[in-house]
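A note on names: the letters A, B, ... follow the listed sequences, proteins ahead of strands, and every chain is numbered from 1.
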Number of protein chains: 2
Amino acid sequence: MTNGAVQRRRPPTAQQYVLAELRSAITGGRLRPGEPIRQDALAARLEVSRVPLREALKILEGEGLVEHKVHRGYFVTELSLDDLREVYRIRELLEAEAVRRAAARTDADLLTVLERAQSEVERAGGSGDVTAMADANRRFHFALFDASGMPRLVRLIGTLWDSTDAYRSLYYAEPPNRERVVDEHHAVLDALRAGDTDEALRLLDRHRAHAVTRLERVLGKSR
Amino acid sequence: MTNGAVQRRRPPTAQQYVLAELRSAITGGRLRPGEPIRQDALAARLEVSRVPLREALKILEGEGLVEHKVHRGYFVTELSLDDLREVYRIRELLEAEAVRRAAARTDADLLTVLERAQSEVERAGGSGDVTAMADANRRFHFALFDASGMPRLVRLIGTLWDSTDAYRSLYYAEPPNRERVVDEHHAVLDALRAGDTDEALRLLDRHRAHAVTRLERVLGKSR
DNA sequence: CGGACCCACACTGGATCCAAAATCCGATCC
DNA sequence: GGATCGGATTTTGGATCCAGTGTGGGTCCG
């Protein structure tokens, strides 16, 4: 294994493979901000053609991870600390709306779904499976968002989550953070069961705030 | 001219041409919700290859105008009244944030830029040039948003505007609406000059609310 | 010696071509 | 007669190939 291309198991489609690869390359700093993305070279490195690469880049452009200039190509946009804070601020605004609406129509079914997701979070967290935990965590939060009945809002929030995906795994890599997440979810569930929407919102804001604080520290060190 | 392909003057790049064409086809109802998009046929109709078409579709997917299923293709998502209302609600949340921050740092330069954009709006509005007015209107609002210093937030708002672009021209098509917009902009400028942020926010909310009300009426009739 | 012009190269945008997945439809078996 | 399996067809996903634009360097002229 001398080439730089990382091998993953079972990339379902070349496009998705390239997309995931690019995300981690950008957020991981292997592709540096401002740097132009040479399609030919990168495609060769990832052993795909330029077509799926370009489609993946279009997605990333929509998420704001890269910028595109006609006839000049794609460039990596900086995900600075400010950007990260911005994303979290926007999430705060949008998720508050989603949760407020979801809380208004919370029922037994929703609570069941949330509890199931939560036990999955705990299982994965306990066994130290970081990606499984990130997955289950996402299911937990989005089950709640989905209940808002605002599909476009949920989509938007999803894009925001995507754009900071790589950072999230950084967060889950630390065991104390994993424990904390489990506790916080429980508190949110309690608040929802009690019908205390404001409390749930406050808890979720804290939940995000802690993540951003930790990430600021980690990123501040590495850059 | 017997073929169905619409001819526009000077499409800068095939991709952008296809993108604009698709937007109006979807929002104009020529491509119906739920309908699958046959790439080959559509590409032939627009007289381009499937490559730029697919890239345009990826953009629209990011905006939520179409959905994509692996190996099954793209499908038109419905932009129902509910969706429209959702988009405007999200805009309300995000634009409020942008304007709040922008107002906090309003200065003479910003006011000058806004006034210039506004006189452009009036000129275009007076001469009945709908697209020029829509352009100038956008410049007006985004000059304000830009002043927030939150580039990602501004980008997001931009995407939301894009996703309802075709509807906006519907709104500007009616002369009384054009007059109203001019007046409302003046009021917003006054509030900003006076440093009354809350008033500006209220005015902008009304601005949007009126647009959505009118659009509801128009769409309600045509569908 | 400095600057404008021009040409070759590099890279993107687009078109065409190929492979693989999904669907549709008929034949076969129970 | 109904359900299921299998192959032909359609359609997408991907690879290769071509054209047009932007860029950088070299040259020629002032």
Side-chain angles (χ1 to χ4, degrees), chain A residues 3-23 25-26 31-77, chain B residues 3-23 25-26 31-77:
Chain A
N3 72 346
V6 186
Q7 53 183 1
R8 301 262 157 113
R9 44 176 196 273
R10 305 281 147 227
T13 173
Q15 207 178 112
Q16 294 172 24
Y17 163 69
V18 170
L19 183 61
E21 209 59 38
L22 274 178
R23 273 222 188 85
I26 292 175
L31 282 174
R32 298 253 272 286
E35 195 176 336
I37 295 176
R38 298 289 158 230
Q39 301 177 8
D40 225 335
L42 188 56
R45 224 183 84 75
L46 296 174
E47 297 176 316
V48 297
S49 86
R50 279 175 50 213
V51 176
L53 171 60
R54 274 161 58 178
E55 295 198 342
L57 284 169
K58 270 279 170 282
I59 297 176
L60 293 176
E61 190 189 1
E63 293 177 2
L65 282 181
V66 301
E67 288 170 5
H68 179 239
K69 295 175 181 172
V70 172
H71 284 299
R72 301 215 29 230
Y74 292 88
F75 299 80
V76 181
T77 54
Chain B
N3 71 346
V6 186
Q7 53 184 0
R8 301 263 157 115
R9 46 177 194 271
R10 304 284 146 223
T13 173
Q15 207 179 112
Q16 294 172 24
Y17 163 68
V18 170
L19 185 60
E21 210 58 39
L22 276 178
R23 273 222 188 87
I26 292 174
L31 281 174
R32 297 254 271 286
E35 195 176 334
I37 295 177
R38 297 290 159 228
Q39 301 177 7
D40 224 336
L42 187 55
R45 222 182 85 76
L46 296 174
E47 298 175 314
V48 296
S49 85
R50 279 175 50 214
V51 176
L53 170 60
R54 273 161 61 179
E55 295 198 342
L57 285 168
K58 270 278 171 284
I59 296 176
L60 293 176
E61 190 190 2
E63 293 177 2
L65 283 181
V66 302
E67 286 170 6
H68 180 239
K69 294 176 181 171
V70 172
H71 285 298
R72 302 216 28 231
Y74 292 88
F75 299 79
V76 181
T77 54

Residues at least two apart in sequence or cross-chain that pass side-chain contact (heavy atoms from CB on, under 4.5 Å) with Q15(A), listed by chain then number, are T13(A), P52(A), E55(A), I59(A), K58(B)

Find out whether L22(A) and L42(A) are in side-chain contact, i.e. whether some heavy atom of one side chain is under 4.5 Å from a heavy atom of the other.
yes

For residues 34-41 of chain B, which side-chain N or O atoms pair as donor and acceptor with protein atoms under 3.5 Å away, sequence neighbours left out?
residue : atom : partner : partner atom : Å
E35(B)  : OE1  : R32(B)  : N            : 2.9
Q39(B)  : OE1  : R50(B)  : NE           : 3.0
Q39(B)  : OE1  : R50(B)  : NH2          : 3.0

Sequence neighbours excluded - salt bridge (Lys or Arg N to Asp or Glu O under 4.0 Å) pairs with any residue from residues 63-72 of chain B:
R23(B)-E63(B)

Its contact letters, B for base, S for sugar-phosphate only and - for none at protein heavy atoms under 4.0 Å, make nucleotides 5-17 of chain C read ------SBBBBB-

Once ring-ring contact (aromatic ring centres under 6.0 Å, His included) is applied, what residue pairs with a partner in residues 46-72 of chain B remain, sequence neighbours excluded?
H68(B)-Y74(B)

Whole-Å distance, F75(A) CZ to dG22(D) C1', equals 11 Å

